[in-house]
Student: 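One structure is given below, represented as structure tokens, and several questions about it will come after.
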Amino acid sequence: MEPTNQKFLERVVSQKALQMGSSFPCQICVVGFLCGVCLTSLFLAVLTSVGNFGFTGISFSSLSMGNSPLNSSSEIINVITSSDYQSKVKETARWVDSKGREPESDDDERVSLLTEAWGALLADREPEESEFSKRFGLNKSSLPNTPHLENCKLSAQVNKHLDARSGAGRFPPWTTWKGSLNMYPATETDKNLRSFKDQPVSDGAYPPWIVGSDEENYPLTRKVQRDIWIHQHPVNCHDPNIKFLVADWEKLPGFGIGAQFAGMAGLLAIAINEKRVLVTGYFNRADHDGCKASRGSWSCYFFLETSQECRDRAFELITNKEAWEKGTIKGKDSYKSKEIWTAKVPREWGDPWSYLQPTTDINGSLIAVHHKMDRRWWRAQAVRYLMRFQTEYTCGLLNVARHAAFGKEAAKMVLASLDKDWPKVITNQPKSEIEEFVWSNHRPWVPRPLLSMHVRMGDKACEMKVVEFEEYMELAHRIQMRFPHLKNVWLSTEMQEVIDKTRSYPHWNFYYTNVTRQVGNVSMATYEASLGRKTSTNYPLVNFLMAVESDFFIGALGSTWCFLIDGMRNTGGKVMAGYLSVNKDRFW
């Protein structure tokens with residue numbers, strides 16, 4: 001509250017100003033008098049601020065130095081780009097100069113500093129320690145934990161360990177540890193523990209990429225995933241009884257990424273039915289500079305479908321005429337197109353699709369029985385297996401997307417738990433063992449509950465009933481009526497008009513990737529070509545995986561993409577979250 005004498009002074013000034021005549025000399029006097037009062041008040045305020053609080057140690061120039069690291073990492077950034085961020089900082093600086101006031105609070109500066117410092121670690125070229133210190137006035141080691149980001153290098157190392165047989169064909173250590181706990185030093189030296197880890201696989205050993213119990217997934221998901229892995233990872237790939245099916249990913253013009261996944265699911269079904277090991281070849285969507293060493297391969301984004309030993313053996317047999325004649329090896333051309341797209345679903349697990357739980361909502365009613373239930377169940381199993389482990393590259397794409405969307409919120413949460421004088425006061429505490437080995441398995445933070453919504457329009461009208469964005473939001477409101485704390489939406493769409501319509505829903509928080517979207521109605525192939533191969537692959541995969549991790553999902557079952565998202569959720573512990581669809585699958 002301002003002092004009484006200051007209020008009195010202001011009242012006197014106001015009264016004098018009102019009594020002044022309209023003559024030009026009078027106006028000059030009034031303006032000069034007011035300027036003097038303002039400058040005096042500003043000078044006193046600055047002295048008071050310095051005396052009581054000290055300097056924060058953060059300048060506008062230090063926040064705006066260099067380009068935003070987020071923009072150099074990927075084209076899929078939303079929320080803030082490099083130019084956006086720098087312009088916001090410069091606008092703030094001009095506002096301070098013109099208004100003669102301080103920023104809203106030191107907390108805003110601290111949030112900006114921490115958000116950008118975290119982002120610098122996600123750049124394609126992570127800055128050296130000296131460069132980082134110069135830009136942010138901090139050491140990398142002094143940065144607080146990033147709750148919304150994953151340690152991609154460590155995750156890839158752990159997953160590689162869980163996806164390969166060890167010496168003498170031993171099974172991966174699925175039965176013993178999760179996350180980094182298998183790397184705990186005591187487990188490496190304890191003979192009893194090592195002996196337990198070396199035991200052969202038992203019926204109770206289920207793969208670590210399946211989340212939740214049997215009741216939270218499609219029927220037999222854990223067993224099926226285990227059996228597919230064993231089928232695809234024989235102990236001895238040079239065994240003369242091992243047969244192979246080598247196939248490139250579909251690359252015909254007009255085939256979307258969802259159709260490619262569905263086609264490979266059919267080939268995996270054929271391989272299992274014929275007792276062959278599936279070996280994937282060229283993946284055109286990975287044929288870009290971002291994939292570097294794994295260019296043109298599925299291994300750019302996800303772990304390969306079989307071991308490197310089996311792949312080497314299969315590609316060795318491709319040039320062997322006798323192997324083709326004996327049927328030891330087959331290719332995609334060995335089968336008709338219809339055999340692939342409508343491949344017979346493997347029956348070695350019975351017919352678990354016959355007792356799928358009715359959790360799909362269309363027009364307010366649950367769908368208990370429909371056509372092609374076996375195909376729905378199988379495609380979910382196949383895609384889940386093919387995407388069982390993300391590579392370091394894919395993990396990095398998700399980190400960048402999460403930071404762009406949620407980084408500022410994460411920074412506010414973290415700063416609330418730190419000393420109020422951070423970064424002037426930094427307390428570095430070494431990681432405890434429980435942090436390093438036990439809590440390492442926790443998924444990155446996102447604001448929950450989170451609803452994923454895929455709005456498919458455009459040229460899809462030739463294949464399914466297309467509905468407007470308003471109908472999707474009606475379904476979102478239905479969920480919110482049951483879960484009133486729901487307000488966050490991860491929105492994926494190719495249409496700019498959908499993004500524009502989000503302004504009509506100010507009480508929802510929408511997050512979406514920052515890519516050029518369609519204006520008007522063009523084919524998906526034309527749209528993807530305009531984005532370029534790297535962007536047109538990376539951003540839909542990020543949206544796909546974010547949808548899989550979300551708490552709720554709204555889509556259109558008539559879209560293959562939504563169909564596959566639903567399958568991944570139903571093999572990822574999300575069965576009981578349900579699925580609200582604006583239409584039925586076109587084959588039902």
Side-chain angles (χ1 to χ4, degrees), residues 76 150 152 155-156 158-160 162-164 172 174 206-212 217-218 221-222 224-229 231-233 247 249-250 256-269 271-272 278-281 283-286 290-291 294 297-307 311 376-399 401-402 443-444 452 454 490 492 537-550 553 555 559-575:
I76 63 174
E150 186 171 2
C152 295
S155 293
V158 171
N159 292 339
K160 184 178 180 181
L162 296 172
D163 197 53
W174 291 354
Y206 290 118
W209 58 86
I210 300 302
V211 178
N217 291 282
Y218 270 168
T221 289
R222 294 197 298 168
V224 171
Q225 292 295 310
R226 166 188 176 274
D227 291 348
I228 295 176
W229 191 93
H231 171 89
Q232 286 290 115
H233 292 80
W249 293 78
E250 190 58 69
I257 190 169
Q260 290 179 297
F261 293 171
M264 193 55 70
L267 287 164
L268 181 58
I272 290 177
L278 175 66
V279 177
T280 63
F283 182 46
N284 63 337
R285 291 182 177 273
C291 289
S294 53
S297 171
W298 181 248
S299 62
C300 174
Y301 293 102
F302 300 95
F303 279 32
L304 286 168
E305 68 293 330
T306 189
S307 65
R311 289 177 62 82
R376 186 181 186 185
W377 177 87
W378 170 249
R379 283 185 177 176
Q381 301 296 340
V383 175
R384 169 58 65 179
Y385 174 76
L386 293 170
M387 293 186 172
R388 64 195 182 281
F389 287 131
Q390 300 166 13
T391 61
E392 188 174 344
Y393 179 70
T394 300
C395 175
L397 294 178
L398 286 165
N399 270 350
R402 278 192 301 266
R443 299 296 303 154
S452 174
H454 181 67
W490 185 276
S492 61
T537 302
N538 288 357
Y539 100 85
L541 278 178
V542 165
N543 284 330
F544 186 95
L545 295 170
M546 286 299 299
V548 171
E549 293 294 326
S550 296
F553 180 61
S559 161
T560 301
W561 194 242
C562 290
F563 192 99
L564 297 174
I565 289 174
D566 179 52
M568 281 285 282
R569 289 174 58 81
N570 287 327
T571 53
K574 303 284 186 180
V575 160

Student: Restricting to ring-ring contact (aromatic ring centres under 6.0 Å, His included), what partner residues turn up for F302, sequence neighbours left out?
Tutor: W298
Student: Excluding sequence neighbours, so at least two apart, what forms disulfide (SG to SG under 2.5 Å) with C562?
Tutor: none
Student: Residues in side-chain contact (heavy atoms from CB on, under 4.5 Å) with S307, at least two apart?
Tutor: H233, C237, E309, C310
Student: Report the residues that fulfil side-chain contact (heavy atoms from CB on, under 4.5 Å) with E549, sequence neighbours left out, ordered by chain and then residue number.
Tutor: R443
Student: Mind checking side-chain hydrogen bond (donor to acceptor under 3.5 Å, both in side chains) for S297 and listing every partner two or more places apart, or none if nothing turns up?
Tutor: S299
Student: What pairs with N570 under side-chain hydrogen bond (donor to acceptor under 3.5 Å, both in side chains), at least two apart in sequence or on another chain?
Tutor: Y218, D566
Student: Measuring centre to centre across the rings, with the benzene-like ring taken for any Trp, is Y385 within less than 6.0 Å of W229?
Tutor: no
Student: Rounded to the nearest 0.5 Å, how far apart are OG1 of T394 and CG of N399?
Tutor: 11.0 Å
Student: Could you work out, with side-chain hydrogen bond (donor to acceptor under 3.5 Å, both in side chains) as the rule, every residue matching Q225, not counting sequence neighbours?
Tutor: W209, Q381
Student: Under the rule for side-chain contact (heavy atoms from CB on, under 4.5 Å), what residues qualify as partners of H231, not counting sequence neighbours?
Tutor: I272
Student: Step by step, would you call Y301 with C291 a side-chain contact (heavy atoms from CB on, under 4.5 Å)?
Tutor: CA-CA 8 Å; Y301 293 102; C291 289; 4.1 Å; yes
Student: Who passes side-chain hydrogen bond (donor to acceptor under 3.5 Å, both in side chains) against Q260, sequence neighbours left out?
Tutor: N284, R285
Student: Start with the C-alpha gap between M568 and V383, add the side-chain angles, then the distance that decides, and say whether side-chain contact (heavy atoms from CB on, under 4.5 Å) holds.
Tutor: CA-CA 7 Å; M568 281 285 282; V383 175; 3.9 Å; yes
Student: Keeping to residues at least two apart or across chains, list the salt bridge (charged side-chain N to carboxylate O under 4.0 Å, His left out) pairs with something in residues 537-548.
Tutor: none
Student: By side-chain contact (heavy atoms from CB on, under 4.5 Å), which residues pair with A156, not counting sequence neighbours?
Tutor: E392
